[in-house]
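Letters A, B, ... are given to chains in the order of the sequence lines, protein chains preceding strands, and every chain is numbered from 1. Hydrogens, waters and symmetry mates are skipped; everything else that's a heavy atom, side chains included, is used.
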2 protein chains.
Amino acid sequence: MFVQSAATIRKNSRPPGVDSTVSDTLLIAGCPQLVGSRMTYAQDEEIYGDGEEAEFVYKVVAGAVRTYKLLSDGRRQIGAFHLPGDIFGFESNSTHRLSAEAISDTTVLVFSRRALECLATHSIEIARALWALAARSLDHAEDHMLLLGRKTAAERVAAFLLEMDERMQSTGAIRLPMTRRDIGDYLGLTLETVSRALSHLKAEGTLELPTARQITVQRRSKLRTLGSEDAFPRALSCC
Amino acid sequence: MFVQSAATIRKNSRPPGVDSTVSDTLLIAGCPQLVGSRMTYAQDEEIYGDGEEAEFVYKVVAGAVRTYKLLSDGRRQIGAFHLPGDIFGFESNSTHRLSAEAISDTTVLVFSRRALECLATHSIEIARALWALAARSLDHAEDHMLLLGRKTAAERVAAFLLEMDERMQSTGAIRLPMTRRDIGDYLGLTLETVSRALSHLKAEGTLELPTARQITVQRRSKLRTLGSEDAFPRALSCC
DNA sequence: CGTTAATTTGACGGGAATCAAGGGGAGTGG
DNA sequence: CCACTCCCCTTGATTCCCGTCAAATTAACG
């Protein structure tokens, strides 16, 4: 598995040496010692596989990534979409717990996990930033469990649109990189159900669909009442 | 909210002062500086609420705890059950993202989050242990998303039984602290569906139900084929 | 022993999955 | 520029798993 990771890393760099440049000194956690190697992946190309050695950490520069788990019969659960600026693939264990694929042609910065951990050993701020990173993933997972376990199809789709709108800072004009199947596998639905929910929202006038991948939100309030019920803090209602 | 947390801490200790003893020097992450205060909660008592200040971290000594999120109409998703030995309530943010309640009468050790973080600042090992803690929660959440999004009722119940059997090291003789409703809210099902699934497994001879809360596994292999499909590593099938 | 909550079981209905065509857009090649 | 193709998406028809509603049974507890 170690070998496979190493192969993956080299596969897509046109010259055999990775084009690591100081120019894209985009740093994880604002730490100047760590410069990532730029890598590109074609649409649907695997970035890493479930069970592989977690040798690298990734930061999306352009494109989009899905991380997912599979059952043996092909059922898939996408745990998260990773958009430009997002860091993914950072594990506490030595191996990846999900697989990662490029949704569209994607550019990432690749960092050595070992180097990161080493830095964290010397800097409390880095250690804390990494731990905050894991915690953010956990927060998202907890919200998503509520969605998967307890929300209706309409609520899931509305929540998805709100999430994407916010994360892409596309104020109302969402440009989706993923297919309906991807969305379904993220929301625990079939692609048909996702499509129907979108059509319904369109018919209601809540949104417009200039193209299938382009969604403009007309009435955000309507989406909010459906999807954005992010767990009502008990504290607010009782004190 | 700060006030509420402080009140909670004092509420259940029969003498006004908490009985913090050196005797139960059960330490988080094996660190002798930190001694927790022993606290008890009655069945169904709230330990903390969603949105409250995350002032304390908890370790279960006896009993069981559920952490969950609610929708405004009462739908509930239990994110995890916490059994003796488990640590919960540790957040990266300043506030709790879920609520916590005692499932049965429960004893916990309470630690100051601030003290823990302070320790982590001075000790890399502690910092790493805390981050491993968060990562374990994340792993569980990722597995659980697959269950909630993609598994059938029978598969969910089988997976639940296997999880409990393993975590309680009750080799085949599971003593459940939680109700069918709790199980349902954990698995994204109704209590009736959980009950039916259990009855079905009983009729098959896969398990016995001496009482509703006591389950003895007769054929673990049967449960495994149903539930324990914990995401097939792509790596195993392709290299 | 009575009261209440938890669980089981049955009957039924509905929401989403499945099965199945039918469009529509983007890219390709003529 | 247009025809062709492929894939994605939409929409319809039908199925079915699980949720809902309801009642009976069992367990828990004072």
Side-chain angles (χ1 to χ4, degrees), chain A residues 42-44 64 66 71 73-77 103-105 147-161 174-204 207-215 226, chain B residues 42-44 64 66 71 73-77 103-105 147-161 174-204 207-215 226:
Chain A
Q43 184 167 33
D44 296 328
R66 56 181 172 249
L71 294 175
D73 62 2
R75 281 174 288 175
R76 182 179 66 160
Q77 180 61 47
I103 292 174
S104 53
D105 292 352
L147 179 148
L148 293 171
R150 288 302 179 210
K151 290 189 180 177
T152 66
E155 289 169 339
R156 295 179 200 206
V157 171
F160 168 75
L161 291 173
I174 309 169
R175 176 95 189 75
L176 296 174
M178 72 286 286
T179 66
R180 297 289 188 263
R181 178 178 297 278
D182 286 333
I183 299 172
D185 285 350
Y186 178 61
L187 299 178
L189 301 170
T190 60
L191 63 94
E192 292 96 328
T193 300
V194 172
S195 179
R196 272 186 253 270
L198 289 172
S199 296
H200 182 72
L201 289 170
K202 179 185 172 187
E204 276 184 344
L207 42 86
E208 282 175 4
L209 291 160
T211 76
R213 302 288 184 96
Q214 228 163 352
I215 298 178
L226 269 176
Chain B
Q43 185 168 33
D44 296 328
R66 56 181 173 250
L71 294 175
D73 61 1
R75 281 174 289 174
R76 182 178 66 159
Q77 179 61 46
I103 292 174
S104 53
D105 291 353
L147 180 147
L148 292 171
R150 288 303 179 208
K151 290 189 179 177
T152 65
E155 290 168 339
R156 294 179 201 206
V157 171
F160 168 75
L161 292 173
I174 308 169
R175 177 94 189 74
L176 295 175
M178 72 287 285
T179 66
R180 298 288 188 263
R181 179 178 296 279
D182 286 333
I183 299 171
D185 285 350
Y186 177 61
L187 299 178
L189 301 170
T190 60
L191 62 94
E192 293 96 328
T193 300
V194 172
S195 179
R196 271 186 254 270
L198 289 172
S199 297
H200 182 74
L201 289 170
K202 179 185 171 188
E204 274 185 347
L207 40 89
E208 281 175 6
L209 291 161
T211 78
R213 301 289 184 96
Q214 227 163 351
I215 298 178
L226 269 176

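- The nearest whole Å value for the distance from the CG atom in Leu201(A) to the P atom in dT11(D) is 13 Å.
- In this structure, CG on Leu189(A) lies 8.0 Å from CG on Leu147(A), to the nearest 0.5 angstrom.
- Atom-to-atom, CZ of Arg150(A) to P of dA16(C) comes out at 14 Å; the value is rounded to the nearest Å.
- Considering all non-hydrogen atoms of both residues, Arg75(B) and Lys151(A) come closest at NH1-CA, 3.8 Å.
- Atom CD of Gln214(A) is separated from atom P of dC9(D) by 13 Å (rounded to the nearest Å).
- Contact of Arg213(B) with dT26(D) (side chain to base): no donor-acceptor pair of N or O atoms is detected under 3.5 Å.
- In this model, a side-chain donor or acceptor of Arg196(A) finds a partner on the base of dG12(D) within 3.5 Å.
- Here Ile215(B) contributes atom CD1 and Leu176(B) contributes atom CG; the two are 4.5 Å apart, rounded to the nearest 0.5 Å.
- Rounded to whole angstrom, the span from the CZ atom of Arg75(B) across to the C1' atom of dT20(D) amounts to 14 Å.
- At the heavy-atom level, Thr152(B) lies under 4.0 Å from the strands shown only through sugar-phosphate atoms.
- Put simply, CD1 on Ile215(A) is 14 Å from C1' on dC8(D), counting in whole angstrom units.
- Taking 4.0 angstrom as the limit, Ser195(A) places none of its side-chain polar atoms (N or O) nearer than this to OP1 or OP2 of dT11(D).
- Within the structure, every side-chain polar atom (N or O) of Thr211(A) is placed at least 4.0 Å from both OP1 and OP2 of dG25(C).
- Here the shortest heavy-atom pairing between Arg156(A) and Leu148(A) reads NH2-O, 3.1 Å.
- Distance check, rounded to the nearest 0.5 Å: CD1 of Ile103(B) to CD of Gln43(B) gives 9.5 Å.
- Look at CG on Leu198(A): it is 16 Å from C1' on dG24(C), rounded to the nearest Å.
- For the segment residues 176-192 of chain A, the set of residues with a heavy atom within less than 4.0 Å of an atom of DNA chain D comprises Thr179(A), Arg180(A), Leu191(A), Glu192(A), in numerical order.
- Put simply, the side chain of Val157(A) does not reach to within 4.5 Å of the side chain of Leu226(A), judged on heavy atoms.
- For the side chain to side chain donor-acceptor pair (under 3.5 Å) test, residues two or more places apart in sequence or in another chain that qualify with Arg66(A) are Asp44(A), Glu101(A), Asp182(A).
- Taking a pair as Watson-Crick or G-U wobble with both distances under 3.5 Å, DNA chain C forms stems of 3 or more consecutive pairs at C:1-30 with D:1-30.
- In this structure, the CG atom of Leu209(A) is 18 Å from the P atom of dC8(D), given to the nearest Å.
- Among dT10(D), dA16(C), dC18(D), the nucleotide with an atom closest to any side-chain atom of Thr193(B) is dC18(D).
- Heavy-atom nearest nucleotides on DNA chain C were determined for Lys202(B) and for Asp44(B), and the one closer to the 5' end corresponds to Asp44(B).
- The closest side-chain heavy-atom distance from Arg175(B) to Arg213(B) is below 4.5 Å.
- Between Pro177(A) and Ala64(A), the shortest heavy-atom contact is CG-CB, 3.8 Å.
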